[in-house]
Amino acid sequence: MFGTTCVNTFLAAYGQQQGLGNVGIFFVASGVALAISRLLMGWLRRRMSLTANVCFGVLFSAGSMALIYFSASMAMLIIAGACFGLGAGVVSPAMNSISVLSAKPEARGRASATYFFALDVSTAVGAWVLGLVASAYSLREVFAVSGVLVLGALLLILWLHCTQRLPRKGF
């Protein structure tokens, strides 16, 4: 969730630094795309595995980081917002489903709570790590590093899936 932390923590300052104007439009595009993705989530789930859903969403999230990094206009930032919303709207419910379905029935509540706790921890750690990147390099580089970390998460997910460390049934 470094991508979410990156956007929530640094986008406003980055947009101002780059002269992109009111970056609030990014969040409008993100919110609309997130709502659409949640409506499509059931359709996607019936057609693809949870792992494929996560990979699909992570690619959109990484793409949004790249678009923000290269943003030279508000239009590009709006497209980045839509990609970000699609990614977040697919990844979060799919990852929560994986955590819940991986647990025994009596531990599913704990699995969901652990997943959301991990999100909170990643937000705190992400803000700290990306803050170090921002102070050492620039706000722009924060989005590059975040994109690389998001792609690293994709590689980890694929490795876990291919080495059968994720349960196979429905994943």
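From a predicted model like this one, the values you see are computed outputs, not experimental measurements. Hydrogens, waters and symmetry mates play no part in the numbers below; they use all other heavy atoms, side chains included.
- A single hydrophobic cluster is seen to contain both Leu139 and Leu149, as judged by linkage of ILVMFWY side chains at heavy-atom distances under 4.5 Å, directly or through other members.
- Within 6.0 Å of the CZ atom in Arg110, the count of heavy atoms belonging to other residues, nucleotides or ligands does not exceed 12.
- Taking both residues in full, the closest heavy atoms of Leu67 and Ala80 are given as CB-CB, 3.6 Å, listed atom of the first, atom of the second, then distance.
- Arg38 and Ala88 make their closest contact through NH2-O, 4.1 Å (heavy atoms, listed as atom of the first residue, atom of the second, distance).
- Going from atom CD1 of Ile79 over to atom OG of Ser64 covers 12.0 Å, rounded to the nearest 0.5 Å.
- The distance from atom CG of Leu86 to atom CD1 of Ile36, rounded to the nearest 0.5 Å, is 7.0 Å.
- Leu44 CG to Asn53 CG: the interatomic distance, rounded to the nearest 0.5 Å, is 5.0 Å.
- Note: the hydrophobic cluster containing Val28 does not contain Leu77 (ILVMFWY, side chain heavy atoms under 4.5 Å, direct or indirect links).
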Task: Candidate pair Phe26 and Val7, rule side chain to side chain contact (heavy atoms under 4.5 Å, CB included), full reasoning - done: CA-CA 10 Å; Phe26 172 95; Val7 165; 3.4 Å; yes
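- Counting all heavy atoms, side chain and backbone alike, Met74 lies closest to Asn22 at CE-O, 3.2 Å.
- Between Ala82 and Ala33, the shortest heavy-atom contact is O-CB, 3.2 Å.
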Open item on the list: With side chain to side chain contact (heavy atoms under 4.5 Å, CB included) as the criterion, how do Ser61 and Phe2 come out once you've worked through the C-alpha distance, each side chain's angles and the decisive distance to 0.1 Å?
Closed with: CA-CA 10 Å; Ser61 295; Phe2 272 65; over 6 Å; no
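- Taking SG of Cys55 as the reference point, atom NE2 of His161 lies at 8.0 Å (rounded to 0.5 Å).
- Scanning both residues, Met76 and Ala72, for their nearest heavy atoms gives SD-N, 3.9 Å.
- Summarising the geometry of Ala103 relative to Ala111, their closest heavy-atom pair is CB-CB, 3.7 Å, with the distance given to 0.1 Å.
- Put simply, Leu155 and Met95 are part of two different groups of oily side chains (I, L, V, M, F, W, Y) that touch within less than 4.5 Å, one to the next.
- Here the side chains of Ser99 and Asn96 are in contact, with some heavy-atom distance below 4.5 Å.
- Note that OG of Ser112 and CG of Leu101 are 11.0 Å apart. Values are rounded to the nearest 0.5 Å.
- With hydrophobic clusters built from ILVMFWY side chains whose heavy atoms lie under 4.5 angstrom apart, Phe143 does not share a cluster with Val150.
- Rounding to the nearest 0.5 Å places CG of Leu151 at 12.5 Å from CG of Leu156.
- Taking Thr123 as the reference, nothing meets the side chain to side chain donor-acceptor pair (under 3.5 Å) condition, with sequence neighbours excluded.
- One N or O on the side chain of Ser122 and one on the backbone of Leu119 form a donor-acceptor pair closer than 3.5 Å.
- In this structure, Ser37 contributes its side chain and Leu34 its backbone to a donor-acceptor pair below 3.5 Å.
- In the hydrophobic clustering of this structure, Phe84 groups with Leu130; members are Ile, Leu, Val, Met, Phe, Trp, Tyr whose side-chain heavy atoms approach within less than 4.5 Å, directly or through other members.
- Other residues, nucleotides and ligands contribute over 12 non-hydrogen atoms within 6.0 Å of the CZ atom of Phe116.
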Task: Stepwise side chain to side chain contact (heavy atoms under 4.5 Å, CB included) check, Phe70 with Arg140 - done: CA-CA 9 Å; Phe70 290 111; Arg140 186 170 190 235; 3.8 Å; yes
Contacts table for residues 9-21: side-chain donor-acceptor under 3.5 angstrom, sequence neighbours left out:
unit_1: Thr9; atom_1: OG1; unit_2: Thr5; atom_2: O; d: 2.8
unit_1: Tyr14; atom_1: OH; unit_2: Ile68; atom_2: O; d: 3.2
unit_1: Tyr14; atom_1: OH; unit_2: Tyr69; atom_2: O; d: 3.2

